[in-house]
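Structure first, commentary second.
Values below: every heavy atom of this structure, side chains too, minus hydrogens, waters and symmetry copies. Quick caveat: nothing in here was measured; it's all calculated off a predicted structure. The chains referred to below are lettered A, B, ... by the order of the sequence lines, with proteins before strands, and numbering in each begins at 1.
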2 protein chains.
Amino acid sequence: MAVKDSKTEQLIKETAQQVFLKEGRMLATTQDIADAAGVNRTLLHYYFRSRDQLFDTVFVEALTELRSRIHDVIGSQLAFVPKIEALVQAFLEVLVQHPFLETFITLQINQQPERYEELFVQLPGGKERLKTFLKEIEREMELGTIPQMKPIQYFINLFALLAYPHIARPLLQKMFDLSDTAYKKILQERKTVVLALLLHQYKTKDQ
Amino acid sequence: MAVKDSKTEQLIKETAQQVFLKEGRMLATTQDIADAAGVNRTLLHYYFRSRDQLFDTVFVEALTELRSRIHDVIGSQLAFVPKIEALVQAFLEVLVQHPFLETFITLQINQQPERYEELFVQLPGGKERLKTFLKEIEREMELGTIPQMKPIQYFINLFALLAYPHIARPLLQKMFDLSDTAYKKILQERKTVVLALLLHQYKTKDQ
DNA sequence: CTTTTGTTTAACAATTTTGTCAAACAAAAA
DNA sequence: TTTTTGTTTGACAAAATTGTTAAACAAAAG
């Protein structure tokens, strides 16, 4: 009998999540997903009406999580260094779950700007929080904690260093003949590497 | 009359380049491209046989350019610092032309690994050049020119800092309300920002 | 001028993918 | 048990997209 958010519905959503955001198969058809979930294709329509809506549901859910986690940290009362640390932590946690999320954000926001603008960019008070954060970065540069550059460049560096190894994972694994285990290790080390670079704490051997 | 690589063929290819790699519309149909080029859709098939082949032609062409430019620099006899500078320069030049190339590489290499492995990863002597380059990075860390970390992490930093602002352009522009002009300026400044960070030349205000 | 060669077009066919529907089914409620 | 409600299925319809063909066309070569 009926159960709100039935097992099947949940299964389909999780499978779609796997296929889209973990495997990066953005062209997967409804049949592909149904097969992967081991259910009849019609059920995708029964629960999600259309392929588009299923995609959207999965994508928006992941997007919302990422966004809210980032904004929570950015808007928090933490001091600068722990805030950067928390930001790195939060970002990495979401990306480990959905390695292709960043790639999809990139493609989607370019193809349906109006649809996703509200979802990703315009959250209540978002712009203000962001500006405040840039101010904090600027102040930290004044204090000499971090190297001087335009705050937005610092912001870009932060996300670049975190997101890219996930975006380019298949490429890098091939280039350097790295097993899944080996690459995961690199991703784990990444946290310290990125923090050291961002917080200007790196030591060179001599000088 | 017949001209080898006719005007139309060229036009179609350039339009496909524009649509796929500049606008990132990887789902564009043959009709979309024909419309954008202002030609009859049948001509795509006449010149390129299938949609797949057109996509492949455009993608592989860009891929090959990027690959050869990077490997030329990596394999060159330049000293470390000028080599990094040349690498940054080469990479940025290609990315300005094809902002979505990296994103597509990511998706494609994941979906048709065998097809693209030879093309991107396995070029003659590629693996050796790469290893030599990692050794050079390591030696430079010994010398104290750059901060110490696993060479591959340095390599990832390099490409992350360069590629990400192009990949995430639409998102960042929205987030910070930046005009095309403003963003281009940021991309231009990027060269110095990245080099300073990679070569550890950044100055903090006080300390 | 007419032939040849290559280009462009519209009409059509094939395929792939999505979406709908009515009937079969299962389990709880009446 | 019968009814009701929600689930699952297969068959079918619709749409979107790709690919083919034959005929019209244009320009140079003979």
Would you say A:T30 places a side-chain N or O within less than 4.0 Å of OP1 or OP2 belonging to C:dT17? no
If you check the B:Y46 side chain, which of D:dT8, C:dT7, D:dT20 turns out closest? C:dT7
Between A:Y47 and D:dT8, does any side-chain N or O lie under 4.0 Å from OP1 or OP2? yes
In whole angstrom, give the distance that lies between atom CG of B:L27 and atom C1' of C:dT17. 13 Å
So if I take every side-chain heavy atom of A:N40 and compare against D:dG10, C:dA10, C:dT8, which nucleotide ends up nearest? D:dG10
How long is the line joining CG of B:L54 and P of D:dT18, in whole Å? 11 Å
Length of the CD-C1' vector between A:Q31 and D:dG10, whole Å: 12 Å
More than 12 foreign heavy atoms under 6.0 Å from NZ of B:K135: is that the case here? no
So does B:R115 have more than 12 non-hydrogen atoms from other groups sitting under 6.0 Å from CZ? yes
Roughly how many Å is it from CG in B:D35 to C1' in D:dT17, rounded to a whole number? 13 Å
Looking at the base of D:dG19, is there any donor atom on it, or on the side chain of B:R41, that sits under 3.5 Å from an acceptor on the other one? yes
Measure from CD1 on A:I12 to P on D:dT7 and round the result to the nearest Å. 11 Å
DNA chain D nearest-nucleotide lookup for B:T42 and B:R51: closer to the 5′ end is B:R51
Within the structure provided, determine whether B:E102 and B:L95 are in side-chain contact (heavy-atom separation under 4.5 Å). yes
Please report, rounded to the nearest Å, how far the P atom of C:dT16 is from the CG atom of B:D52. 12 Å
Respond yes when some side-chain nitrogen or oxygen of A:T29 is under 4.0 Å from OP1 or OP2 of C:dT16, and no when none is. no
I'd like to know whether A:F20 forms a ring-ring contact (aromatic ring centres under 6.0 Å, His included) with A:F59, so could you lay out the CA-CA distance, the side-chain angles of the two residues, the decisive distance to 0.1 Å, and finally the verdict. CA-CA 8 Å; A:F20 289 137; A:F59 182 60; 9.5 Å; no
Apply the test side chain to side chain donor-acceptor pair (under 3.5 Å) to residues B:Q31 and B:D35: give CA-CA distance (whole Å), side-chain angles for both, the deciding distance (0.1 Å), then the verdict. CA-CA 6 Å; B:Q31 190 65 63; B:D35 288 352; 3.0 Å; yes
To the nearest Å, give me how far apart NE2 (A:H45) and P (D:dA15) are. 14 Å
Rounded interatomic separation in angstrom, taking CG from B:L43 and C1' from D:dT18: 15 Å
